[in-house]
Amino acid sequence: FSKHFLLSNSVSESRRSSIYSTLDLVPQLENYTSTLPHQRSRGRPSLEALRKTFDVITFTVQQEKEPSPQQKAPVRFGWVTGVMIRCMLNIWGVILFLRLSWIVSQAGILLTCLIILMSVTVTSVTALSISAIATNGRVTSGGAYFMISRSLGPEMGGPIGMVFSFANALACALNTIGFAEVVTDLMKEFGVVMVDSVNDLRIVGVITVTVLLVISLAGMEWESKVSTYLHCRLVFMIVEADESPHILLFALYQTFSCASLFFRPSIFSLQFFWSLFPTILWEHLFLLVKRNRPLVSLDTEDPAVAIPKGTLMAILWTTISYLGIAITVGSCVLRDASGNMTDILMGNITDGCVGLGCKLGWNFTECIESHSCKYGLANNSSNQVLGQVSGLSYLITAGVFAASLSSALGFLVSAPKVFQCLCRDKIYPYIEFFAKGYGKNDEPLRAYLLCYLIAVAFILIGDLNIIAPLISNFFLCSYALINFSCFHASITNSPGWRPLFHYYSKWTALFGAVVSVVLMFLLTWWAAVITFTILLFLFGYINYNKPKVNWGSSVQAGTYNLALSYSASLSGVEDHVKNFRPQCLVLTGPPNQRPALVDFVGSFTKHISLMICGDIITVSSSVSGTFMSLWLNKRKVRSFYTPFSAVSLRAGAQHLLQATGLGKLKPNTLVLGFKTNWRESSPEGIDDYINTIYDTFDSNNGLCILRMMDGLDIFDQFDVDNVPVKDNTQQAKTVFQNDQGKKTIDVYWIADDGGLTLLVPYLLTRRKRWHSSKVRVFIVGDEQNMEEGRAEMVALLKRFRLDFNDVIIMTDSEKYPQARKFADSVDPFRLHDEQQEGVSVEELRQTAPWKISDKEFEVFKPKSARIVRLNEIIRRNSQHAALVLVSLPVPHTDCPRVLFMAWMDTLTCGLHCPTVLIRGNQQSVLTFYCQ
């Protein structure tokens, strides 16, 4: 006890012991860090260590390193700077300044507000789902990709991460081009031309994105300062746009007298309504960009509070600003105007006057009819319109610069972060180079350069009109998957789904997912098709390669729920012969030591029925269950590995047959290898093996015994005790992995066992490697009725719908064989009691109870002769077969175990192909009835 007391005092005082033991620790955060990525547990004592408290135990404790004074802590932000400002910057894009007034001119004030509110609905629902997912545990950088991949698994997260990284890079180029267009327009106004209009756009765009790259590489502090400055600039500009309240009130009064400005007849066309909706939706989709930044969790002080509060407040304030500007410009500016102050109505005469200005005393009929109006909502850009209603028009141009630059900077920062997270997960090949991070904030400098090159490439192209719909669809697809992730995690009822944010609903999340998918097709159907095609291709690649990651996704929880539900419902259904499947318990021992046995059973159970590899451990072993499962997965065998400690093979098989499985998913057929070394084995070993077979019959299960002429074990190739876990890629080749070509599968259906002897070869022929093999059925018959017997069997096989047309009648099975060889083989196991005078059988059995008495040998001699004769027939007809299946005789309770072992040896000897002794449980597994 004193040793442990000294041990506990030698570690940090923070590792407090519980009242039960000095080694048993109280709950603390450090013990749970192993569940986080790239973290290691400090070392919670094992149960073995706790049970041996008073023994000398070596217990290694990882001391937590003190941070050096020179090392600065990562930058942390509050919910305003870290979340709300960046969300507002993403929503306040160039659409607000360049297109909003045109939308008002086409749809009117009320329907413009409706369009804004519809976009806000999609964004708000997704924001609630994001808040729930982001507060259900710690989220590292990677944004939408991290949330989707950890919720739905790598199959769905990987494709989204790849296309979303690319979409962010393209969106950076798109916003940079938007900024460059405004700059080149200003240059034209002042007569400044560098080369020409197209090349000037490219030059300004490349210079701009290069400056943004420098800001990004400078670190998160600089990026945060620039973002805050741009945010303040935008807020001041938006307030400036509404700085004349008395003018706005007078305009509203005039507007209410002209209801057509609120609700224009042209928007009754549903198609034209939809043509305006994506313009507003585009800006709100950029809310997701903020989620890709590291500020989502690691760089915010309290993510559980910052993410929901900052996101929802950003949506609220930006919605108010959008509605306010739409109402302001719609109330203060006409749709069409000439700009000529003399175009006024004289008196109250409005005859022949066209346009909304007629009721306000203006007559712009001439320019409206000639389509030559240069002013108004429908003819000026929002930039010019907002400049007209604001106090300082040049601030609006500055706002356009701030909006485009902030969005471009956001995309340039988010794309590398998403791609870095994707590269670190090692889902796709050849991209791990970009996973490396630098500095205290783990900046992905290599990914920054990659994103920069992609953006420059598309800036040099200069036309992103075709790419823009794809970007929108990528964002909508991410919205759909985030909402579905929240919905799926909620309905699976996983105990691990415990978000701190409670103000969400699984049904609103489902609504958001459905609406996002519908919008993808309604807005740009061809872009939606391309998006889903790319995602399906990337999904197929991951699904085929099966990355070795386990994130505890909701898909796993859902799979568990489905398996549990279906297993429970299946338990209440009575078995039917049409649904019989050979559910096999295979006594493989360590599966990698008997690959032939594994491959044989896997050939007819894969994707069809249950297979359990049972490993009965009679001595201490260091076999790793994880290693065996990895080996089976690498071999593409769908099987469960179940180790079981027992005193003998028989005891282990008994327990496994009774205890393994779940409900109706439990073994009904035992499969084991033939005991080739039975002659050299101890009597106890033979008894153990034969009693296992007897117990199988007694428990009403089917039985298969596989014999390979070169044996099943491959200890010389693999020794599980010496093979490291990383060596699980080593696989031994077996005959069952080869294409069998046109070789035959010979079935010796000697006894009617219910049809298992025929069902197994039929299931084999459904596999690609055995598809060309021809099944031949051998049955016992007499020469006089040979044709009649063949016709009856062919008719029976057809009624079973088995394509076995080659039926062979064995008419010479009753001939006496050359039985001398069999007698010689069992001679060492006989008592020869009749040759020993003065000694009774009972006395001889006391020294050798397993041996065969002369009387027993004579009683079973006719049966032994028939078995020897059957082996002669098998060797004559099946030397070139790919596989031979023979009905296994059911031994009588009085049959000596050694004699039965000799029968099985005789039946299968002398063949060069795998041989299977098979016996059903005498219950039908084949039927020709429909009901």
Side-chain angles (χ1 to χ4, degrees), residues 582-602 605 609-632 635 637-662 665-678 680-708 711-715 717-723 732 734 850 888 897 900-901 904 916-919:
Q583 301 186 135
C584 300
L585 170 62
V586 192
L587 300 185
T588 59
N592 67 335
Q593 294 184 5
R594 296 182 179 89
L597 191 59
V598 173
D599 292 339
F600 165 66
V601 180
T605 59
S609 60
L610 176 69
M611 175 181 175
I612 300 175
C613 290
D615 183 5
I616 300 175
I617 303 172
T618 57
V619 295
S620 60
S621 174
S622 59
V623 175
S624 169
T626 302
F627 168 76
M628 292 304 168
S629 298
L630 291 174
W631 185 89
L632 290 169
R635 204 171 184 84
V637 175
R638 303 190 73 174
S639 174
F640 299 96
Y641 171 72
T642 304
F644 187 83
S645 297
V647 295
S648 64
L649 172 69
R650 180 186 185 184
Q654 284 179 331
H655 287 95
L656 285 175
L657 279 173
Q658 296 178 58
T660 54
L662 179 67
L665 297 176
K666 62 182 304 180
N668 55 27
T669 304
L670 181 69
V671 183
L672 66 162
F674 182 76
K675 192 174 182 64
T676 309
N677 63 341
W678 68 276
E680 294 79 25
S681 297
S682 64
E684 294 78 11
I686 297 176
D687 278 353
D688 196 29
Y689 182 80
I690 297 299
N691 285 330
T692 301
I693 297 175
Y694 288 179
D695 292 338
T696 304
F697 290 139
D698 294 339
S699 60
N700 202 31
N701 288 303
L703 179 67
C704 289
I705 301 175
L706 174 66
R707 180 172 188 178
M708 306 287 291
L712 288 172
D713 296 336
I714 51 170
F715 289 102
Q717 298 183 36
F718 296 101
D719 187 347
V720 73
D721 293 331
N722 298 324
V723 177
T734 67
W850 64 89
L888 176 67
R897 290 168 174 74
F900 182 66
M901 193 76 232
M904 292 192 295
V916 179
L917 295 172
I918 184 170
R919 188 77 186 207

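What you are looking at is a predicted structure, and each value in this text was computed from that prediction instead of being measured. What you see below is based on every heavy atom in this structure, not just the backbone, and it leaves out hydrogens, waters and symmetry mates. The first residue of the sequence shown is numbered 1, and numbering continues consecutively from there.
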Using the side chain to side chain contact (heavy atoms under 4.5 Å, CB included) rule, take Y689 and M901 through it: C-alpha gap first, then chi angles, then the decisive distance, then the call. CA-CA 9 Å; Y689 182 80; M901 193 76 232; 3.8 Å; yes
Under the criterion side chain to side chain contact (heavy atoms under 4.5 Å, CB included), I'd like the reasoning laid out for L672 against I705: C-alpha separation, chi angles, the key distance, then a yes or no. CA-CA 5 Å; L672 66 162; I705 301 175; 3.9 Å; yes
Please lay out, stage by stage, how M708 and T734 fare under the test side chain to side chain contact (heavy atoms under 4.5 Å, CB included). CA-CA 10 Å; M708 306 287 291; T734 67; 6.0 Å; no
Determine whether T618 and L649 satisfy the following criterion, side chain to side chain contact (heavy atoms under 4.5 Å, CB included), listing intermediate values before the conclusion. CA-CA 8 Å; T618 57; L649 172 69; 5.9 Å; no
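Contacts of F640 classified as ring-ring contact (aromatic ring centres under 6.0 Å, His included), with partners at least two apart in sequence or in another chain: none. For the side chain to side chain contact (heavy atoms under 4.5 Å, CB included) test, residues two or more places apart in sequence or in another chain that qualify with S699 are L657, N701. Here T696 pairs with nothing under the side-chain hydrogen bond (donor to acceptor under 3.5 Å, both in side chains) rule; sequence neighbours left out. For T642, the side chain to side chain contact (heavy atoms under 4.5 Å, CB included) criterion is met by I612, L656, T660, not counting sequence neighbours.
Considering only heavy atoms from C-beta on, V671 stays 4.5 Å or farther from L706 through its side chain. When side chains are defined from C-beta on, F697 counts as touching L888, because their heavy atoms get closer than 4.5 Å. For the pair P590 and F627, the minimum side-chain heavy-atom distance is 4.5 Å or more. A 4.5 Å side-chain heavy-atom check between I690 and M904 finds at least one atom pair inside the cut-off.
When all heavy atoms are compared, the tightest approach of S629 to Y641 is OG-CB, 4.4 Å. The two residues P667 and C584 make their nearest non-hydrogen contact at CB-C, 4.4 Å. C704 approaches V916 most closely through the heavy-atom pair CB-CG1, 4.3 Å. Here the shortest heavy-atom pairing between A653 and L587 reads CB-CD1, 4.1 Å. When all heavy atoms of P591 and L632 are compared, the pair lying nearest together is CB-CD2, 4.1 Å. Shown here for M611 and R638, the closest heavy-atom pair between the two residues is CB-O, 3.8 Å.
Residue pairs meeting the salt bridge (Lys or Arg N to Asp or Glu O under 4.0 Å) criterion with at least one member in residues 684-701, sequence neighbours excluded: R650-D695. For residues 666-675, no pair satisfies side-chain hydrogen bond (donor to acceptor under 3.5 Å, both in side chains), with sequence neighbours left out.
Atoms CD and CH2, from Q593 and W631 in turn, are 10.0 Å apart once rounded to the nearest 0.5 Å. Here the OG atom belonging to S645 is positioned 11.5 Å from the NE2 atom belonging to H655, to the nearest 0.5 angstrom. Taken from CD1 in I617 to CZ in F644, the straight-line distance is 10.0 Å, to the nearest 0.5 Å. Of the inter-residue distances, the one linking L703 atom CG with R919 atom CZ reads 10.5 Å to the nearest 0.5 angstrom.
With hydrogens and angles left out, the side-chain atoms of N592 and R635 include no donor and acceptor closer than 3.5 Å.
The closest donor-acceptor contact from the side chain of S681 to the backbone of I686 lies at 3.5 Å or more, if one exists at all.
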